[in-house]
Amino acid sequence: MAGFLTFTKEKPINRIVEVEIHEIIPNPHQPRTEFDAADMQSLAENIAQNGILQPLTVRRGTDCYEFVAGEQRLRAAKLAGMHAVPCIMLDISSRNSAIMALVENIQRQDLSFFDEASAIEKLITYYGMTQEDAAIKLDKAQSTIANMPTNCGCCGSLRMNAKSS
């Protein structure tokens, strides 16, 4: 098992590197807006006991790193008292970083309906994907994408109504 994962302080692209948590900034395109406190605490306890088994994905900024995927693991690592985390550094544009973050979160089962609809709306509106492109990228039926409450600005008001019910 020794040598299976090697961590280095170097900052090469597409390799696993150890990055100080304070050097990682949030992805402004993170679609997930809600994090369950109990789930986060459970993940933090697991990370404290077993470490981070799946590295976070980051891209290099000017004087920091921006995470692409793995915000839950980053938050849990902070709760667990870690100071550095294993990361895979990618050399990608801001646009591709946003698309990867959106796709990674949409593919998760626990993303709320509203966060998913909002993320799909961003893929279509801001990144020029067609409904068909988004359906292929997300492995969903095109009709599922078409029936999401996107491009109408109603996600925010629907979310507020659902929370107040």
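Values below: every heavy atom of this structure, side chains too, minus hydrogens, waters and symmetry copies.
A heavy-atom distance below 4.5 Å is not found between the side chains of Pro26 and Glu66. Side chains of Ile88 and Val58 form no contact here, defined as non-hydrogen atoms less than 4.5 Å apart. In this structure, the side chains of Ile47 and Leu43 come closer than 4.5 Å at one or more pairs of heavy atoms. Side-chain contact between Tyr65 and Met89 is present, with heavy atoms from C-beta onward closer than 4.5 Å.
In terms of hydrophobic clustering, with Ile, Leu, Val, Met, Phe, Trp and Tyr side chains grouped at heavy-atom distances under 4.5 Å, Ile25 and Val68 are assigned to different clusters. The hydrophobic cluster containing Ile124 also contains Met148, counting ILVMFWY residues as joined when their side-chain heavy atoms lie under 4.5 angstrom apart, directly or transitively. Criterion: ILVMFWY side-chain heavy atoms under 4.5 Å apart, direct or through other members. Under it, Val85 and Leu79 are not part of a common hydrophobic cluster. Hydrophobic clustering places Phe113 together with Ile120 (ILVMFWY residues linked when any side-chain heavy atoms are closer than 4.5 Å, directly or through intermediates). Under the 4.5 Å side-chain heavy-atom criterion for Ile, Leu, Val, Met, Phe, Trp and Tyr, Leu74 and Met40 are members of distinct hydrophobic clusters.
Side-chain polar atoms of Thr130 and Asp133 form a donor-acceptor pair below 3.5 angstrom. Defined by atom type and a distance below 3.5 Å, a donor-acceptor pair is present between the side-chain atoms of Gln142 and Gln131.
Between the side chain of Thr125 and the main chain of Glu121, a donor-acceptor pair closer than 3.5 Å is present. One N or O on the side chain of Asn147 and one on the backbone of Ser143 form a donor-acceptor pair closer than 3.5 Å. The backbone N or O of Asp91 sits nowhere less than 3.5 Å from a side-chain atom of Arg59 that would complete a donor-acceptor pair.
Taking all atoms of both residues into account, the shortest heavy-atom contact from Glu23 to Cys64 is O-CB, 3.3 Å. When all heavy atoms of Met82 and Ile21 are compared, the closest pair comes out as O-CD1, 3.1 Å. Nearest heavy-atom pair, Ala44 versus Ala76, reported as atom, atom and distance to 0.1 Å: CB-O, 3.4 Å. Across Ile52 and Gln54, no two heavy atoms sit closer than the pair CG2-O, 3.1 Å. Phe67 and Asn27 get closest at one heavy-atom pair: O-CB, 3.0 Å.
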Inset, instruction - Starting from the C-alpha separation in whole Å, work towards a yes-or-no answer on side chain to side chain contact (heavy atoms under 4.5 Å, CB included) for Ser97 and Leu90. - result: CA-CA 9 Å; Ser97 173; Leu90 301 178; over 6 Å; no
Inset, instruction - Check the pair Met100, Ile92 against side chain to side chain contact (heavy atoms under 4.5 Å, CB included), reporting the backbone distance first and the verdict last. - result: CA-CA 10 Å; Met100 282 183 74; Ile92 58 175; 3.7 Å; yes
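The cationic group of Arg75 lies under 6.0 Å from the six-membered ring centre of Phe35 and within 45° of the ring axis, placing it in a cation-pi geometry.
With salt bridges taken as basic N to acidic carboxylate O contacts below 4.0 Å, none links Lys137 and Glu132.
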